[in-house]
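Contents: one structure, followed by commentary.
Note that the numbering runs from 1 along the sequence shown for the chain.
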Amino acid sequence: MNPPRTDARRHHDPAVRGFASDNYAGAHPEVMAALALANGGHQIAYGEDDYTAHLQQVIRGHFGPTAEAFPVFNGTGANVVALQAVTDRWGAVICAESAHINVDEGGAPERMAGIKLLTVPTPDGKLTPELIDRQAFGWDDEHRAMPQVVSLAQNTELGTVYTPDEIRAICDHAHQLGMKVHLDGARIANAAAALDVPMRTFTNAVGVDILSFGGTKNGALFGEAVVVINHDAVRHMKHLRKMSMQLASKMRFVSVQLEALLAKDLWLRNARQANEMAQRLAEGVRSVHGVEILYPVQANAVFARLPHDVSERLQKRYRFYFWDEAAGDVRWMCAYDTREEDVDGFLAALKEEMAR
């Protein structure tokens with residue numbers, strides 16, 4: 001049988017790498033192979049397929065026997081659905097001021113889910129029980145949105161990583177106050193790789209109620225999942241997912257990607273590679289006079305401060321974003337397909353521009 005004809009052609013140079021986002025990377029070949037495996041024939045739509053059923057077994061292997069995965073299209077959708085599931089209509093969510101749900105989701109949690117975000121400034125992107133207490137009050141005050149959930153990101157938007165004990169302390173504190181805990185795990189694999197522990201060590205084992213599991217930043221083509229751990233804390237997930245426009249009709253193509261990442265060790269291999277390249281980048285940057293690394297490099301992100309004009313020239317050679325343009329702060333991200341030669345080439349370009 002002849003292969004199907006296609007008139008598609010490549011519009012980019014696959015050898016080009018940047019440091020703007022781990023979302024820039026393509027899908028991992030093993031994920032693409034899994035998609036091809038799931039293709040062909042008919043499978044029941046809207047999550048009743050064999051691939052989504054098998055994903056539940058895989059998810060329970062990582063997050064405990066009560067875990068249930070609800071595949072969705074994207075990370076913002078996962079966070080919006082998850083937070084809706086653990087809040088009342090009058091509820092509020094305590095989060096770091098730098099949290100992705102606050103600064104990078106276009107107001108979706110508040111506009112689409114109707115949830116008030118109560119933010120807390122943090123020195124490194126990480127919440128603590130003491131910081132949570134700055135917003136954990138006023139439950140009986142009808143003039144204030146009721147704090148019902150603490151949302152933390154692992155790793156954080158600033159590239160820092162919570163230890164399991166730190167998350168346990170947050171969960172214990174939140175639960176004592178009658179609140180639930182959501183974990184934004186867009187880069188959960190990078191955190192587990194950095195800590196060298198299973199993901200369960202800092203999720204179900206320490207009291208997290210619900211989490212958003214990220215696949216796209218770690219080698220998936222598209223698709224994330226809401227993982228419910230504590231079913232007593234969650235209501236009407238299936239209805240919320242549909243109402244939030246996150247129910248995929250051909251869900252098998254989301255589920256099989258997550259299965260490809262999680263069934264063996266692809267998720268960990270990918271995350272380790274990204275983390276290792278970030279460490280290589282940070283080590284090289286530390287030797288460049290005039291460039292300051294702003295936060296501990298613990299996962300796959302490097303935040304730095306350097307002269308604005310240097311960044312602008314460097315951006316013409318490699319893609320990356322300003323984090324705080326007024327201050328000269330930038331973010332450099334490594335992905336699962338970042339190579340040593342990519343890092344070394346970037347460092348050489350940085351040194352050249354700093355010397356001009």
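- Of all non-hydrogen atoms in Arg339 and Gln273, the two that sit nearest each other are CA-NE2, 4.4 Å.
- At least one cation-pi condition fails for Arg17 and Phe346: the charged atom is not both under 6.0 angstrom from the six-membered ring centre and inside a 45 degree cone around its axis.
- Looking only at distances, a side-chain donor or acceptor of Glu166 sits under 3.5 Å from a matching main-chain atom of Thr163.
- At a threshold of 4.0 Å, the pair Lys180-Asp232 does not count as salt-bridged, since none of the basic side-chain nitrogens sits closer than that to a carboxylate oxygen.
- Considering every non-hydrogen atom in both Leu306 and Val310, the closest pair reads CD1-CG1, 3.7 Å.
- In the hydrophobic clustering of this structure, Val161 groups with Val197; members are Ile, Leu, Val, Met, Phe, Trp, Tyr whose side-chain heavy atoms approach within less than 4.5 Å, directly or through other members.
- Nearest heavy-atom pair, Asn270 versus Gly219, reported as atom, atom and distance to 0.1 Å: ND2-CA, 4.1 Å.
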Practice task
Could you give me the CA-CA distance, side-chain angles and deciding distance for Thr76 and His100, then say whether side-chain hydrogen bond (donor to acceptor under 3.5 Å, both in side chains) is met?
Solution key: CA-CA 9 Å; Thr76 297; His100 195 276; 5.1 Å; no
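- Judged as a ring pair (Phe, Tyr, Trp, His ring centres under 6.0 Å), the pairs with a partner in residues 258-297 (not counting sequence neighbours) are, in order, His62-Trp267, Tyr295-Phe303.
- Remark: the backbone N or O of Gly215 is paired with a side-chain donor or acceptor of Glu224 at under 3.5 angstrom.
- In this structure a side-chain-to-backbone donor-acceptor pair under 3.5 Å is present from His175 to Cys171.
- Taking CD of Gln148 as the start and CD1 of Ile115 as the end, the distance is 9.0 Å to the nearest 0.5 Å.
- Checked by atom type and distance alone, the side chain of Arg252 pairs as donor or acceptor with a backbone atom of Ala38 at under 3.5 Å.
- The CH2 atom of Trp139 sits 8.5 Å away from the CZ atom of Arg144 when rounded to the nearest 0.5 Å.
- Residues Lys264 and Glu30 are not paired through a salt bridge, judged by the lack of any N-O separation under 4.0 Å between the basic side chain and the carboxylate.
- In the hydrophobic cluster analysis, where Ile, Leu, Val, Met, Phe, Trp and Tyr join through side-chain heavy atoms closer than 4.5 angstrom, Val297 is grouped together with Phe320.
- Of the possible polar contacts, none joining the Ser244 side chain to the Gln246 backbone as a donor-acceptor pair under 3.5 Å is found.
- Met237 and Leu247 are assigned to two separate hydrophobic clusters, defined by single-linkage of ILVMFWY side chains at heavy-atom distances under 4.5 Å.
- A 4.5 Å side-chain heavy-atom check between Phe253 and Tyr51 finds every atom pair outside the cut-off.
- There is no side-chain donor-acceptor pair under 3.5 Å between Thr128 and His173.
- Taking the ring pair (Phe, Tyr, Trp, His ring centres under 6.0 Å) definition, one finds that His28 meets it with Tyr336, sequence neighbours left out.
- Checking Thr338, Asp22, Asn275, Asn218 one by one against Asn300, the side chain to side chain donor-acceptor pair (under 3.5 Å) holds for a single residue, Asp22.
- Using a 4.5 Å heavy-atom threshold, the side chains of Cys334 and Gln279 count as separate.
- Cluster membership check: Phe63 does not share its hydrophobic cluster with Val228, using side-chain heavy-atom separations under 4.5 Å among Ile, Leu, Val, Met, Phe, Trp and Tyr.
- Inter-residue side-chain proximity for Thr201 and Leu195 is flagged as unmet; no heavy-atom pair is nearer than 4.5 Å.
- Using a 4.5 Å heavy-atom threshold, the side chains of Tyr321 and Arg319 count as touching.
- Between the side chain of Glu97 and the main chain of Thr122, no donor-acceptor pair closer than 3.5 Å is present.
- Trp323 and Glu157 make their closest contact through CH2-CG, 3.6 Å (heavy atoms, listed as atom of the first residue, atom of the second, distance).
- Distance check: Gln154 CD to Asn190 CG gives 10.0 Å after rounding to the nearest 0.5 Å.
- In this structure a side-chain-to-backbone donor-acceptor pair under 3.5 Å is present from Asp49 to Thr52.
- Within the 3.5 Å criterion, the main-chain N or O of Ala15 finds a donor-acceptor partner in the side chain of Asp13.
- Checked by atom type, the side-chain pair Asn155/Gln298 shows no donor-acceptor distance below 3.5 Å.
- Comment: Glu283 does not engage Arg280 in a salt bridge, judged by the lack of any side-chain N to carboxylate O separation of less than 4.0 angstrom.
- In this structure, Phe19 and Asp342 have side chains that are in contact, with non-hydrogen atoms separated by less than 4.5 Å.
- Across all non-hydrogen atoms, the minimal contact from Leu118 to Ala145 is CD1-O, 4.4 Å.
- Annotation for Phe137: atom CZ counts as buried by contact number, over 12 foreign heavy atoms lying within 6.0 Å.
- Gln84 and Arg241 share no donor-acceptor pair across their side chains, judged by distance under 3.5 Å alone.
- For the atom pair CG of Leu55 and CD of Glu68, the computed distance is 10.5 Å after rounding to the nearest 0.5 Å.
- Atom CE of Met243 has more than 12 neighbouring heavy atoms from other residues, nucleotides or ligands inside a 6.0 Å radius.
- The neighbour count for Met354 CE, taken as heavy atoms of other residues, nucleotides or ligands under 6.0 Å away, is above 12.
- Residue Asp140 qualifies as open at atom CG: its count of foreign heavy atoms under 6.0 Å is 12 or below.
- Proximity of Asn230 to Ile210: side-chain heavy atoms (C-beta onward) are nowhere separated by under 4.5 Å.
- Heavy atoms from other residues, nucleotides or ligands lying under 6.0 Å from NE2 of His231 number more than 12.
- Distance check, rounded to the nearest 0.5 Å: CG of Leu350 to CG of Leu281 gives 8.5 Å.
- Residues passing the ring pair (Phe, Tyr, Trp, His ring centres under 6.0 Å) test with His308 are Phe322, sequence neighbours excluded.
- Between the side chain of Thr160 and the main chain of Thr156, no donor-acceptor pair closer than 3.5 Å is present.
- Side-chain atoms of Gln257 come within 3.5 Å of backbone atoms of Leu221 as a donor-acceptor pair (strictly under, hydrogens ignored).
- Residues Asp344 and Glu341 are not in side-chain contact: their nearest non-hydrogen atoms beyond the backbone lie 4.5 Å or more apart.
- Around atom NE2 of His42, no more than 12 heavy atoms belonging to other residues, nucleotides or ligands sit under 6.0 Å away.
- Closest heavy-atom contact between Ala69 and Ala225: CB-CB, 4.5 Å.
- To the nearest 0.5 angstrom, Cys95 atom SG is 10.5 Å from His182 atom NE2.
- Arg168 is not listed as a side-chain neighbour of Pro164, based on a closest heavy-atom distance of 4.5 Å or more.
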